[in-house]
Amino acid sequence: MTELATPNVYEALSDEELRARVTALEAEAADIRARRLSLDMARGKPSAEQTALSRPMLDLVSSTTPLEDGGAVVDNYGTPDGLPSARRLAAQILGVSPDNVVVAGSSSLNLMHDLVCRAFTNGVAGQKPFWQQGEVKWLCPSPGYDRHFRVTEDLGITNVAIPLRADGPDMDTVQELVEDDPAVKGIWCVPKYANPTGITYSDEVVRRFAALRPAAPDFRVYWDNAYAVHAFGDTDDRLLNIFDELAQKGAGSLVYEFGSTAKVTFPSSGIAFVAADDHDMAEIRAAFAVERVSAEKFSQLAHARFLKDLDGVRAHMAKHAAVVRPRFELVERKLSEGLGGLGVAEWSHPHGGYFVSFEGRPGSARRTVALMAELGVKLTPAGATWPSGKDPRDTNIRIAPTYPTLDDLAAALDVFVVAVKLVAARLVLEARA
Ligand SMILES: Cc1ncc(COP(=O)(O)O)c(C=O)c1O
């Protein structure tokens, strides 16, 4: 989303009309403040209704369950790559061979963190560890997922914000930086239903990723396919399989792909997985072998028994969609009724994932989030979707509609509409002063 196509209605008002409008909006805000609301639109997590969908999984492993899986033992060390049935399930979700997947732990972010740390301390593909290579840079398509950015920032890596467009990262910028600068060692990608904009990378963008010829042999694409199966509408966006594209081009090692069932079954108690080509997989296995003998397997067994295969996952996700869809429809309705045609805001219209990305006038996001807090509604901090929390135009706000009840969400969105209008009108008034 770039410049707004519609003119700002507040700019068309005379000074007197504008002052009257600000006064009226301030009165609306005062009424809301008096209601002492306590609402939250910040949490990108499933509602209790959604997590309840997976409770039956908890009954599938008990003291009488055979603790054996395709020849692997569940209740003892062994099978460090994960149980065969869990690897098959993860491989189907990611569209790769089970041989190229490791299932380990419950958090994909944890696996990403492990691999960046490993690159930092031990190096990738026989190259020197990052700590011995001087400045290391990481590309951060923005707005993006704040926790990705924190992983690299925490290690002293220089995060470089690059534009994220409707069809994916700006590939001219990516290509130039990756192919010309050997200090660029990685890029964070959420290729389907991106957090927060909800966009899915186009075929052209995926192909351009697969065609990259990095200046650094230890550059890797961190392809975080967290929302691979998270459509909530009638359309499911199609994402090209990046490993198929790499294979067609005969390319070398380039991509680590991640996923988890955090938002399929239980956040923090799902199963997490990573896929890569044979060479990278051997390196990842060796790295993980230092960290643990083998990962937790009861949860893997429960997941494989509960979800079974990709069809099982899709059937389960249809139940999530039935809960989630009305919330996204409500966001769309409230924002278009309240803000449509005013020329002060744009927002995304995702087919899946967990967020709506909101773009206000330049210089408005921090003020809107602060005003919302005063009015009793918590939002994700403004700027959080950019490296170091610095949104250069101060326009982006992440809306997370899944967790609140529909009634709370409706109330929070009504407040949001007033806050956005008041900040936009004040900005015009201040610019004239
Ligand atoms: C893009 C993305 N990746 C990863 C995660 C976290 O996944 P996990 O719970 O498997 O660490 C999230 C959670 O919001 C996310 O939005």
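Computed over heavy atoms, backbone and side chain alike; hydrogens, waters and symmetry mates excluded. In each ligand, atom 1 is the first atom listed, and ligand 1 is the first ligand listed.
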Please state which protein non-hydrogen atom is closest to [atom] and give its distance, to 0.1 Å?
atom	result
atom 7 (O) of ligand 1	Ser108 OG, 3.3 Å
atom 6 (C) of ligand 1	Tyr145 OH, 3.6 Å
atom 16 (O) of ligand 1	Tyr227 OH, 2.6 Å

List ligand 1 atoms under 4.0 Å from [X], heavy atoms only on the residue side.
X	result
Ala226	1 (C), 2 (C), 3 (N)
Ser260	8 (P), 10 (O)
Asn195	16 (O)

For Asn110, is at least one N or O under 3.5 Å away from an N or O on ligand 1?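 No, there is no polar N/O contact under 3.5 Å.
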Can you confirm whether the side chains of [X] and [Y] place a donor and an acceptor under 3.5 Å from each other?
X	Y	result
Glu153	Trp138	no
Asp170	Thr173	yes
Asp277	Asn100	no
Ser54	His316	yes

Looking only at non-hydrogen atoms, which of [options] approaches [atom] most closely?
atom	options	result
atom 4 (C) of ligand 1	Val190, Leu109, Asp224, Asp146	Asp224
atom 11 (O) of ligand 1	Pro191, Ser107, Gly144, Ser106	Ser107
atom 9 (O) of ligand 1	Ser268, Ala262, Ala194, Ser269	Ala262

Which class fits the ring pair Phe130 and Phe120: parallel under 30°, tilted 30 to 60°, perpendicular over 60°?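 Perpendicular: the ring planes of Phe130 and Phe120 meet at over 60°.
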Below 30° counts as parallel, above 60° as perpendicular, anything between as tilted: where do the rings of Phe209 and Tyr201 land?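 Correct class here is parallel.
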Assess Lys263 for proximity to ligand 1: is some non-hydrogen atom of it under 4.0 Å away?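 Lys263: in contact with ligand 1 (<4.0 Å).
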Can Asp309 and Gln92 be said to form a side-chain hydrogen bond (donor to acceptor under 3.5 Å, both in side chains), step by step? CA-CA 7 Å; Asp309 55 17; Gln92 285 183 19; 5.7 Å; no
Nearest 0.5 angstrom please: Met112 CE to Arg147 CZ, how far?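 Going from the CE atom of Met112 to the CZ atom of Arg147 covers 11.5 Å.
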